[in-house]
Every structure is written in structure tokens, then in C-alpha cells.
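Working notes, beginning with the structure itself.
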Amino acid sequence: MIVEDEIVTAMGIGSLLSDMNYEPLKIVSSGEEAIKQVELSNPDLLLMDITLDGKMDGIDTANEIQKKHDIPIIFITAHEDIETLQKAKNVEPSSYIIKPIQTVNDLLPAIELAFHNFNIKQKLKMSDDKLKLIQDLIASDELKEGKHKNKENLKVRTSHISTKIHNEKDFQTLVGKLEVLGNMDRFLILEVLRTHQLKLSDIQKLIKKSQSTSSHHIKKLESEGLIKGWKKGKFTYYSIDKEKVQNFLDLWNAWIERKDIKKKGEH
């Protein structure tokens, strides 16, 4: 969708998009109309001029849209002043285009970059959601088992976190576990093993994959210390290794905390 108050510019962008085999759903000239149309059509991409008709500029409009929708946004602007660009940066657009936009080459790199940046952002968000889910599930189990009587107990457990990541080995450990959890089948296995003990054939049915693929996922989770197996009769059963998963979460929290401290020191 194109959000642009200069009709000639908007039509020109629309024509270039058509040349690139993209189909503009709509051309609107105000932030208010853009918000309304996003609700109706849920476009794949927004090309948003920073300067718009109406009470809302493109930055305010993008901010409102992002509260409800995950859509890559490209800001279009004739402004190169630092203040405007800084304000736009705070909205975290997927890309920028500086006017004039005259050829496909003016538009195509920004669109490709926008989709690339948006996909990376979505993957990072998915990783954060997965980690939060694991942390909540572990905390829930611990509370049920009576391991933590009150909030002070939780503080004691996490008081050492900020010092845990201090060398390359810790960082590589964190990266390795994140890579393993990046696979949805492995995350599903881990989530089910939180409450159930399963053997290989059960896991194979769970993820609907071959025995070799299922075994590969199990070995990956075992190698990172996220699950453990033991013999019971002629079968090997698997369950989550809560202590090691918690250590992983501690490393993740330590990395975030270290990042926040660095950011504060920069201002």
C-alpha cells in the first residue's frame, strides 16, 4: 500500500511497483486513511511518506499501525535533516527511500532490504517468545513443586546472572542453544518433554517425521544439554533437563542485561 499525499509521486511509485510485478492495493494520502485501510486489507508492505495530509504525519501513522500489525514499513522522505531521520528511526522502519523516486533501481533495493530486515526481526521475536515460554513453563513447574516459596527465593536464584557471560565460551554456548531452538520441531519436542517422558517412536509420531530425522533432532537437543535420555527396558526415554535449560535461560538473561548496561553507558 502507498501512503503519499502527492498524487503524481504516488502514481509514479505505483507504476514502478507494477513494473516489478508488485500490485499496489491502495493509494491513500493521509495517516488516518492509511490506518483504516490497513485494518481492511492487511497489506504485505507499506510505502509511507513522512509528510502527509491531515493531523498525523507518516511517523505517527507508522507508530499507530505497528501497535496492532506486523507489517514492513518503508519511509519515503525528501528530508535529510537529522532531527526528522532520528524521529523516524525510533519507529524502527524496515527501510528508507529518499526522494525523488524515478526508476526501479530507486525502489527495488529498499523493498528487498525491507523484507529482509522484517524477516530477521520476526525471527528474533519468535526466539524471544520461545524463550519466554520455556521460562514460564519451568517457573510454573517449580512453583507447583514448592521449590520457591516466595519472590525472594527467585531473586536469590537469579542474583548471579549478570556475571555469567564474561567470555567467548559462554557466548558460543548461548549461540549453540539458540540455533538448536530455531527449529520448530525441536522446540515442539522440548515443550512436550516438559511434562511427558517419551521414547523415539513417540517423538516420531509427535513431529510426523522419519526415524532418522527424529533421532537427529534428539541428538541436537541432547548435545546442547536441553534434554536427557535413560534406558527403561529395551527403550530409551527422554525428558527435559530442567537444570540445564534454566542455565541456558540464565545465560540469555545475562546477555540481555549486559546489552542494556552497555546501552546505558553510551548515553
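Since the structure is predicted, the reported quantities are computational estimates derived from the model, not experimental observations.
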With heavy-atom distances below 4.5 Å as the criterion, would you say the side chains of [X] and [Y] are in contact?
{"X": "Leu17", "Y": "Leu47", "value": "yes"}
{"X": "Val245", "Y": "Lys242", "value": "no"}
{"X": "Asp70", "Y": "Phe118", "value": "yes"}

When hydrophobic residues are tied together by side-chain contacts of less than 4.5 Å, even through go-betweens, does [X] share a cluster with [Y]?
{"X": "Ile76", "Y": "Met56", "answer": "no"}
{"X": "Ile73", "Y": "Ile13", "answer": "no"}
{"X": "Leu107", "Y": "Ile98", "answer": "no"}
{"X": "Val38", "Y": "Leu52", "answer": "yes"}
{"X": "Ile101", "Y": "Ile50", "answer": "no"}

[X] bridged to [Y] by N-O distance under 4.0 Å:
{"X": "Glu64", "Y": "Lys67", "value": "yes"}
{"X": "Glu39", "Y": "Lys36", "value": "no"}
{"X": "Lys55", "Y": "Asp60", "value": "no"}
{"X": "Glu4", "Y": "Lys99", "value": "yes"}
{"X": "Lys199", "Y": "Asp202", "value": "yes"}

With rounding to the nearest 0.5 Å, note down the distance linking [atom1] in [X] to [atom2] in [Y].
{"X": "Gln66", "Y": "Thr61", "atom1": "CD", "atom2": "OG1", "value": "11.0 Å"}
{"X": "Ile240", "Y": "Ile189", "atom1": "CD1", "atom2": "CD1", "value": "12.0 Å"}
{"X": "Ile74", "Y": "Asp49", "atom1": "CD1", "atom2": "CG", "value": "13.0 Å"}
{"X": "Ile203", "Y": "Asp185", "atom1": "CD1", "atom2": "CG", "value": "11.0 Å"}
{"X": "Leu46", "Y": "Ile2", "atom1": "CG", "atom2": "CD1", "value": "10.5 Å"}
{"X": "Ser41", "Y": "Met1", "atom1": "OG", "atom2": "CE", "value": "5.5 Å"}

- Excluding sequence neighbours, so at least two apart, what forms salt bridge (charged side-chain N to carboxylate O under 4.0 Å, His left out) with Glu112?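 With sequence neighbours excluded, Glu112 shows a salt bridge (charged side-chain N to carboxylate O under 4.0 Å, His left out) to no residue whatsoever.
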
- Message: Check whether Ser223 reaches the backbone of Lys220 with its side chain - one donor and one acceptor, N or O, closer than 3.5 Å.
- Response: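 Yes, Ser223 side chain to Lys220 backbone: donor-acceptor pair under 3.5 Å.
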
- Query: Would you find a donor on one side and an acceptor on the other, under 3.5 Å apart, between the side chain of Ser215 and the backbone of Gln211?
  - Reply: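 Yes, because the side chain of Ser215 sits within donor-acceptor range (under 3.5 Å) of the backbone of Gln211.
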
Write down the atom of [X], the atom of [Y], and the distance for their closest heavy-atom approach.
{"X": "Ile227", "Y": "Ile218", "answer": "CD1-O, 3.9 Å"}
{"X": "Ala114", "Y": "Ser95", "answer": "CB-CB, 3.9 Å"}
{"X": "Asp5", "Y": "Ser29", "answer": "CB-O, 3.6 Å"}
{"X": "Leu45", "Y": "Pro72", "answer": "CD1-O, 3.4 Å"}
{"X": "Ala88", "Y": "Pro93", "answer": "O-CD, 3.2 Å"}
{"X": "Ser214", "Y": "Ile207", "answer": "OG-CD1, 3.6 Å"}

Other residues, nucleotides and ligands only: do more than 12 of their heavy atoms fall within 6.0 Å of [atom1] on [X]?
{"X": "Asp19", "atom1": "CG", "answer": "yes"}
{"X": "Met11", "atom1": "CE", "answer": "no"}
{"X": "His69", "atom1": "NE2", "answer": "yes"}

- Just do the side-chain contact (heavy atoms from CB on, under 4.5 Å) check on Tyr22 and Ile111 with the steps written out, would you? CA-CA 11 Å; Tyr22 289 103; Ile111 291 177; 3.8 Å; yes

- Mind running side-chain contact (heavy atoms from CB on, under 4.5 Å) on His216 and Ser212 for me, showing each step along the way? CA-CA 6 Å; His216 174 72; Ser212 60; over 6 Å; no

- Task: List the steps, then state whether salt bridge (Lys or Arg N to Asp or Glu O under 4.0 Å) holds for Glu191 with Arg194.
- Result: CA-CA 5 Å; Glu191 202 281 330; Arg194 179 182 60 85; 3.4 Å; yes

- Applying side-chain contact (heavy atoms from CB on, under 4.5 Å), run through Ile65 and Met48 and close with a yes or a no. CA-CA 11 Å; Ile65 289 172; Met48 177 90 65; 4.1 Å; yes

- Message: side-chain contact (heavy atoms from CB on, under 4.5 Å), that's the test. Do Ile71 and Asn42 meet it? Break it down for me.
- Response: CA-CA 8 Å; Ile71 301 172; Asn42 192 29; 4.0 Å; yes

